[in-house]
Amino acid sequence: MRCVIARFPFELTKNGVLESMKGVKPEPITAESVIIGRRHYPAKQVGEVITRQDRRDFSAGEVLRAMARLGFTCRTVPEAAPAPAESPMDRASAMLGSSLAV
């Protein structure tokens with residue numbers, strides 16, 4: 001499959017990616033990731049290995065799109081849930097250091 005990563009065209013195959021990542025130890029996951037075989041790799045690490053380019057030259061999204069088109073499972077970072085809204089009564093109670101029992 002032909003794809004463009006960091007403005008350079010690459011001819012990638014699923015077997016080629018599997019072969020390139022064979023023996024590569026996964027780094028800790030802190031952002032988007034790709035599951036290759038039974039291992040979870042950061043998207044930027046996968047992109048660096050398969051393109052031989054510096055990680056700063058491409059985005060994780062470019063790698064995720066290419067890997068998803070090849071049939072690999074890709075995971076994005078889940079968005080943080082918004083903090084529950086605190087009522088003015090709860091805020092005042094916390095500031096006074098007492099709990100109001102009703």
Side-chain angles (χ1 to χ4, degrees):
M1 172 196 80
R2 182 183 166 92
C3 66
V4 176
I5 299 175
R7 298 181 312 270
F8 290 98
F10 292 94
E11 223 20 80
L12 299 176
T13 63
K14 188 167 187 169
N15 288 334
V17 172
L18 288 168
E19 194 63 35
S20 295
M21 297 305 293
K22 189 181 288 185
V24 176
K25 184 179 176 186
E27 296 172 358
I29 306 289
T30 57
E32 294 86 357
S33 64
V34 180
I35 300 173
I36 299 176
R38 286 187 248 157
R39 295 181 171 194
H40 295 250
Y41 293 92
K44 289 279 201 162
Q45 181 183 14
V46 173
E48 183 177 50
V49 171
I50 64 173
T51 66
R52 296 185 186 99
Q53 293 180 340
D54 190 279
R55 295 177 191 208
R56 296 172 290 186
D57 294 340
F58 55 85
S59 70
E62 291 175 296
V63 176
L64 292 178
R65 277 191 298 279
M67 295 299 105
R69 286 180 55 200
L70 287 173
F72 292 103
T73 302
C74 301
R75 297 201 172 148
T76 57
V77 178
E79 292 186 24
E86 190 176 23
S87 72
M89 181 66 92
D90 291 337
R91 195 173 318 116
S93 178
M95 288 170 54
L96 293 172
S98 63
S99 62
L100 298 175
V102 180

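What you see below is based on every heavy atom in this structure, not just the backbone, and it leaves out hydrogens, waters and symmetry mates.
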Nearest heavy atoms of Ile35 and Phe72, plus distance in Å: O-CD2, 3.5 Å
Non-hydrogen atoms of Pro42 and Pro28 that approach each other most closely: CG-O, 3.7 Å
Hydrophobic cluster identity match, Leu12 and Leu18, side-chain contacts under 4.5 Å: yes
Flag, side chain of Ser20 to backbone of Gly16, donor-acceptor distance under 3.5 Å: yes
Arg52, CZ: over 12 other non-hydrogen atoms inside 6.0 angstrom: no
Donor-acceptor pair, side chain of Lys44 and main chain of Arg56, under 3.5 angstrom: no
In one Ile/Leu/Val/Met/Phe/Trp/Tyr side-chain cluster, 4.5 Å: Val49, Leu70: yes
Distance-minimising heavy-atom pair for Ala43 and Leu64: CB-CD2, 3.9 Å
Rounded distance (nearest 0.5 Å) linking atom CD1 of Ile36 with atom NZ of Lys14: 9.5 Å
Hphob cluster co-occupancy, Met67 + Met1, side-chain heavy atoms under 4.5 angstrom: yes
Side-chain heavy-atom pair His40, Arg75 within 4.5 angstrom cut-off: yes
Donor-acceptor contact below 3.5 Å, side chain Gln45 vs main chain Lys25: yes
Within one Ile-Leu-Val-Met-Phe-Trp-Tyr cluster: Val17 and Phe8, side-chain cutoff 4.5 Å: yes
Backbone N/O of Ala6 and side chain of Gln53: donor-acceptor pair under 3.5 Å: no
Test side-chain contact (heavy atoms from CB on, under 4.5 Å) applied to Phe58 and Val4, step by step: CA-CA 10 Å; Phe58 55 85; Val4 176; over 6 Å; no
Where at least one partner belongs to residues 57-72, residue pairs that pass salt bridge (charged side-chain N to carboxylate O under 4.0 Å, His left out), sequence neighbours excluded: none
Same apolar cluster (I L V M F W Y, side chains within < 4.5 Å links), Val34/Val24: yes
